[in-house]
Amino acid sequence: MAGRGTNLALLALLGVALATGGLAFALGTALVRVPVVAHGAAGLGVLLLVPWKWAIVRRGLRRRPGSWVSLAFTLVLAVCVAAGVGHSTGLLRSVGGVTAMQLHVGAALASVPLGLWHVAARRVRPRRTDLSRRALLRAGLLAAGSLVAYGALAGLVRVARLPGRARRFTGSFEVGSYRPRAMPVVQWLDDPVPAVDPAAWELRVVVPGAGVRRLSLGELEARREPVLATLDCTGGWFARQRWEGVRLSSLLGSASGRSVTVRSVTGYWRRFPLADADRLWLAIRVGGEPLSAGHGFPARLVAPGRRGYWWVKWVREVEVSEVPWWWQPPYPLS
């Protein structure tokens, strides 16, 4: 494959990998299988192009031996792909307390500014021949080869009975199901674990036209119901637990609006469609015991079918509004 074609193919594969990786994090249902497969195939497609890219790199190093940013970009991408393959096979679960998935995502994010610089420094102008029949045929062969490589790796994982065969459809491994104390304690980015006084804590329920209701922990305890739900963390693990709490719709009554925002004492928040309130729970117990501080005491959201960053911990307020649910960052900023 010519140097120009190789570079364009790599750029396309990296774009697909970045987009499908973000989409895979956003979905918590079985539909996530599609972006997960596309993400894995794109990553393996990058590996398929290594021989051709290596020839380009050697020529470039002879002409510009000081291209340190490009070398850093290559190194970060290598870490990203290695961590992704390690996680998917189950042969690499963590490195120094950091999960392989976290390492994979961190390296991917770090590669973005390096990749932008690399592309800007070696700009490739589009040509009409980029959409020629030959170019499209090569692209199709690369896509097919990437999918075959993905299928071969998945088959190897099963035949060799590698740990990766036990992953959930999201790609996560089971950790601590039905054992809340064994379930990992994680936060989104810089969200801290607060110390909440249960005697002073109260839940604010804000409904336009109905004012503000305040509920104590004891009042929530008296209304709790059981719910079995799976917490699937973007860190690469999942746990199925028996939670106890109050259905959000029972707290909101006949409230009208477009969305409901759930806020934490830390300032963290997520906005949901109001129509989903019947499928959201404000949990105060797990496994028959009160929540631990790390798992969201005194109350946390349980959102079946959504990834872990939607499960707001240390909830202090639930508010109905006319703002559409999608009017928020796709991922929390802090």
Side-chain angles (χ1 to χ4, degrees), residues 22-32 187-191 194 196 198 200-234 241 243-286 291 295-334:
L23 184 59
F25 265 20
L27 299 176
T29 64
L31 289 175
V32 76
Q187 285 73 243
W188 183 262
L189 300 181
D190 60 344
D191 210 26
V196 180
W201 178 88
E202 62 180 10
L203 174 70
R204 285 168 42 91
V205 180
V206 183
V207 178
V212 180
R213 292 172 57 208
R214 291 177 169 81
L215 299 171
S216 68
L217 185 57
E219 289 175 296
L220 294 179
E221 283 274 4
R223 301 172 59 177
R224 73 179 190 269
E225 302 175 53
V227 57
L228 186 64
T230 300
L231 172 57
D232 196 323
C233 180
T234 52
Q241 305 291 359
W243 309 85
E244 295 177 58
V246 182
R247 201 183 296 262
L248 215 58
S249 58
S250 71
L251 297 176
L252 302 178
S254 58
S256 62
R258 301 179 67 181
S259 67
V260 54
T261 302
V262 181
R263 293 190 178 87
S264 169
V265 300
T266 66
Y268 185 94
W269 61 277
R270 286 274 86 191
R271 184 177 288 129
F272 302 82
L274 184 58
D276 287 359
D278 196 49
R279 299 186 294 274
L280 300 172
W281 300 75
L282 196 63
I284 52 180
R285 288 177 175 267
V286 60
L291 298 170
H295 289 145
F297 179 84
R300 75 170 300 163
L301 196 69
V302 168
R306 293 178 181 267
R307 301 302 293 274
Y309 63 90
W310 291 94
W311 294 45
V312 183
K313 296 181 182 180
W314 314 294
V315 177
R316 67 171 175 83
E317 184 178 86
V318 175
E319 181 180 12
V320 175
S321 76
E322 290 296 334
V323 178
W325 75 269
W326 45 262
W327 190 249
Q328 63 184 327
Y331 301 102
L333 301 179
S334 64

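Looking only at side-chain heavy atoms (C-beta outward), V312 and W188 stay at 4.5 Å or farther from each other. Side-chain contact between F297 and L217: present, with at least one pair of heavy atoms (C-beta onward) separated by less than 4.5 Å. Contact of the L231 side chain with the Q241 side chain is not registered, since no non-hydrogen atoms from C-beta on lie closer than 4.5 Å. For the pair P332 and R270, the minimum side-chain heavy-atom distance is below 4.5 Å. You'll find the side chain of R307 reaches within 4.5 Å of the side chain of D232, heavy atoms only. At a threshold of 4.5 Å between non-hydrogen side-chain atoms, the residues L251 and L215 count as touching. Annotation: side chain of V302 is in contact with side chain of W311 (closest heavy-atom distance under 4.5 Å). Looking only at side-chain heavy atoms (C-beta outward), Y268 and K313 stay at 4.5 Å or farther from each other.
The closest donor-acceptor contact from the side chain of R300 to the backbone of H295 lies under 3.5 Å. At least one donor-acceptor pair under 3.5 Å links the side chain of W243 to the backbone N or O of A229.
Under the side-chain hydrogen bond (donor to acceptor under 3.5 Å, both in side chains) criterion, E202 pairs with R214, sequence neighbours left out. Shown here are the side-chain hydrogen bond (donor to acceptor under 3.5 Å, both in side chains) partners of R316, two or more places apart in sequence or in another chain: there are none. Residues satisfying the ring pair (Phe, Tyr, Trp, His ring centres under 6.0 Å) test with F272, not counting sequence neighbours, are W310. For D278, the side-chain hydrogen bond (donor to acceptor under 3.5 Å, both in side chains) partners are S249, not counting sequence neighbours. Looking at residues two or more places apart in sequence or on another chain, you find no ring pair (Phe, Tyr, Trp, His ring centres under 6.0 Å) involving W201.
Across all their heavy atoms, I284 and A299 have their closest contact at CG2-CB, 4.0 Å. Pairing each heavy atom of W281 with each of P226, the nearest pair is CH2-O, 4.1 Å. Nearest heavy-atom pair across R306 and D276 is NH2-OD2, 3.0 Å. What you find for A283 and L291 is that their closest heavy atoms are O-CD1, 3.4 Å. Considering all non-hydrogen atoms of both residues, Y309 and F25 come closest at CE2-O, 3.4 Å.
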>> Could you walk me through whether R263 and V206 satisfy the side chain to side chain contact (heavy atoms under 4.5 Å, CB included) test, starting with their C-alpha distance in whole Å, then the side-chain angles of each, then the deciding distance to 0.1 Å, before giving a yes or no?
In response: CA-CA 11 Å; R263 293 190 178 87; V206 183; over 6 Å; no
> Can you check side chain to side chain contact (heavy atoms under 4.5 Å, CB included) on Y331 and T234, steps first, answer last?
Replying inline: CA-CA 11 Å; Y331 301 102; T234 52; over 6 Å; no
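Rounded to the nearest 0.5 angstrom, R204 CZ and R213 CZ are separated by 13.0 Å. If you take CG on L301 and OG on S264, they are separated by 11.0 Å, rounding to the nearest 0.5 Å. Taken from CZ in R271 to CZ in R258, the straight-line distance is 10.5 Å, to the nearest 0.5 Å. Here the straight-line distance linking atom CG of L333 with atom CD of Q328 works out to 10.0 Å at 0.5 Å rounding.
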Name each donor-acceptor pair under 3.5 Å that joins a side chain in residues 320-327 to protein atoms two or more places apart or in another chain, with its distance.
from : atom 1 : to   : atom 2 : distance (Å)
S321 : OG     : S259 : OG     : 3.2
S321 : OG     : V323 : N      : 3.3

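Of the residues L252, V318, L248, the one that meets the side-chain contact (heavy atoms from CB on, under 4.5 Å) test with L280 is L248.
Between R285 and E221 there is a salt bridge, since a side-chain N of the basic residue sits under 4.0 Å from a carboxylate O of the acidic one.
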